Structures are given as structure tokens and as C-alpha cells.
Amino acid sequence: MTTGKERLGRRSSIPPKFVLIANLLRAFASKVNLPKNAINQGILVLRSNPNNALQVVRQMSEHRTMHIKPSRWSWNRFKDFMHFYIMLGAIPAALVITYINLFIGPARLAEIPEGYVPEAHEYFPHPITRWLTKHVQKSYQQEYELMCHHIYEIEYEQKLRQAENRIKRKMAEKQDTQAYYYQPVSSRYERSIRDNAQADLEISGSV
């Protein structure tokens, strides 16, 4: 049986440096959130050793499994884009359309003032249709003028091709035009060929 003096002697045998470190660890563990969360989840267990110091023991005996699932990254990204564009486009457009229908409304028929020529977009009753016709779409007059210009360009190209074909036929018949059917000849080579032919005649002795 041990006496109180023996117990006191055993306690006093612990170096003060280790006691100070144990106290610092206890204070640090009481202030840091990570060990608290780990302790609450049952991953870490606090035990006291015979030296009256705080000891953290890792406990992983519980059977924990990771459920393998297909990735939902594409679905989550699609939802994010859908919510973004709905908030960006659909909601402001719905507010503008509601405001126009409630406070402006469709136009009413009225007599045309004398000397005034209405524009193409003024024949539509709804304000949104008028705005689209004026700034986005083309009027009937513009469509008609564009079609006439297109027909004129096609007819002009046909006339050019016909004239080019006539010119080529005439050039092929006469062959007296310095163009597609004319082969340009240099006079330098012609003189050289003539001199060579004359020299051959003199050597052969025939006239």
C-alpha cells in the first residue's frame, strides 16, 4: 500500500517541461474546431494517460462505405445555365411585354392626315410588332426593291456571258486578234531561225 508521500514523489518525478506541453495541447484542443468536429463525429477519442495529459486517439472501427454514383456535373451545369438565361432574358422580356400590354396597348384606327404618307411599320396595331418591323424586319417595299435588284444583276450577267461567247466565236473564225487565239512570237528567235536556215543553205550549196 502506497502512502501519500510516495504518490507525491511519483507525480513530482514528471518533468515540468512535459506537464507544460500537455497543458498547451489541452488548451489548443479546446480552442481548435477541427478536433472538436472530429471528436463529435466519433473519429477521434480523447483519453487521459497516467501522466494527466490529453491524448488524442484515432478510432476508425466503424464500417464506412463510399457510395459510387454517376456524375451529376453536366446536369448541374445545365440547370445553372438554364436558371441564368431565364433570369437574364425571359423575366425581363415578360416584364416588358406585360408593361406594354397594360399601359400602352394596341393602336387604334384613325384617319390619315392630308399630305402624310404612313410608313410600313405604322400599319401594324401592336407596339412590339411595329418595333420589330421598323428595326429588325424588312418592309414590303424593301423586299420588292431587293428582288428587282437581284433580277437586274442576273440579267446583266447573262448579257455579259452572251457577249463574251459572241466575241470568242468571232475570234475563232478570223484569228486576227491579239487575245485568246493569238500566239505572240518574238522577232529575236525569228531572226535566229532565219540565219540558221541561210547558213544551212550555203553549206549544202543548194539555192
Side-chain angles (χ1 to χ4, degrees), residues 31-34 36-38 40-41 43 64-193:
K31 292 181 180 180
V32 177
N33 294 327
L34 182 59
K36 287 184 179 180
N37 297 333
N40 294 332
Q41 294 178 3
I43 300 175
R64 297 175 181 269
T65 58
M66 182 179 67
H67 299 284
I68 300 176
K69 299 179 181 179
S71 176
R72 297 175 60 88
W73 183 84
S74 299
W75 170 245
N76 293 332
R77 188 170 177 81
F78 168 74
K79 289 192 299 183
D80 293 341
F81 276 118
M82 183 178 64
H83 295 158
F84 173 74
Y85 286 112
I86 287 176
M87 296 293 293
L88 183 66
I91 294 178
L95 293 176
V96 170
I97 292 172
T98 304
Y99 175 81
I100 291 174
N101 290 327
L102 290 179
F103 296 98
I104 299 177
R108 297 180 180 178
L109 291 175
E111 295 183 0
I112 300 175
E114 186 177 357
Y116 177 74
V117 179
E119 297 183 6
H121 66 275
E122 295 180 355
Y123 289 97
F124 294 92
H126 201 273
I128 298 177
T129 310
R130 288 200 302 270
W131 187 86
L132 291 175
T133 307
K134 182 178 180 180
H135 299 283
V136 179
Q137 298 178 357
K138 298 176 182 177
S139 63
Y140 296 110
Q141 183 177 358
Q142 291 177 346
E143 293 287 349
Y144 176 76
E145 292 178 357
L146 288 173
M147 189 63 186
C148 291
H149 180 70
H150 179 67
I151 294 173
Y152 168 77
E153 287 184 346
I154 293 177
E155 185 179 0
Y156 185 72
E157 291 178 359
Q158 291 177 354
K159 292 179 179 179
L160 286 178
R161 285 195 292 267
Q162 292 174 1
E164 184 177 1
N165 293 331
R166 287 197 303 270
I167 293 171
K168 286 183 178 181
R169 286 197 302 269
K170 294 296 182 182
M171 290 168 59
E173 291 174 0
K174 298 183 179 181
Q175 297 184 1
D176 60 348
T177 306
Q178 187 176 354
Y180 299 99
Y181 296 93
Y182 177 77
Q183 296 293 336
V185 179
S186 176
S187 60
R188 182 180 62 179
Y189 297 108
E190 288 293 329
R191 287 195 297 269
S192 176
I193 293 172

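Owing to the predicted nature of the structure, the values given are computational and were not obtained by experimental measurement. Throughout, residue positions are numbered sequentially from 1 according to the sequence presented.
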Review point. Just how far is it from atom CH2 of Trp131 to atom CD of Gln137, taken to the nearest 0.5 Å?
Key: 10.5 Å
Review point. Any idea which heavy atoms bring Gly105 and Pro127 closest together, and the distance?
Key: O-CG, 3.4 Å
Review point. Which pairs, with at least one residue in residues 80-99 and sequence neighbours excluded, count as a side chain to side chain donor-acceptor pair (under 3.5 Å)?
Key: none
Exercise for review: Identify the two heavy atoms, one from Pro125 and one from Arg130, that lie closest to each other, and give their separation to 0.1 Å.
Suggested key: O-NH1, 2.7 Å
Exercise for review: Answer yes or no: are there more than 12 heavy-atom neighbours, outside Lys138 itself, under 6.0 Å from its atom NZ?
Suggested key: no
Check your understanding: Hey, what do you get for CG (Leu109) to CD (Glu111), rounding to the nearest 0.5 Å?
Key -> 11.0 Å
Check your understanding: Listed by chain and number, what are the side chain to side chain donor-acceptor pair (under 3.5 Å) partners of Gln158, not counting sequence neighbours?
Key -> none
Check your understanding: Excluding sequence neighbours, so at least two apart, what forms side chain to side chain donor-acceptor pair (under 3.5 Å) with Tyr116?
Key -> Glu122
Practice item. To the nearest 0.5 Å, tell me how far Ile91 CD1 sits from Ile86 CD1. Key: 7.5 Å
Check your understanding: Measuring from Glu153:CD to His149:NE2, what's the distance to the nearest 0.5 Å?
Key -> 3.5 Å
Practice item. List for me each residue that meets side chain to side chain donor-acceptor pair (under 3.5 Å) alongside Gln141, sequence neighbours excluded, and say none if there are none. Key: Glu145
Review point. Quick one: does Met147's side chain get under 4.5 Å of Tyr144's, heavy atoms only?
Key: no
Review point. Sequence neighbours excluded, which residues qualify as side chain to side chain contact (heavy atoms under 4.5 Å, CB included) partners of Glu155?
Key: Lys159
Check your understanding: Taking only residues two or more places apart in sequence, or in another chain, which ones meet Glu119 in a side chain to side chain donor-acceptor pair (under 3.5 Å)?
Key -> His121
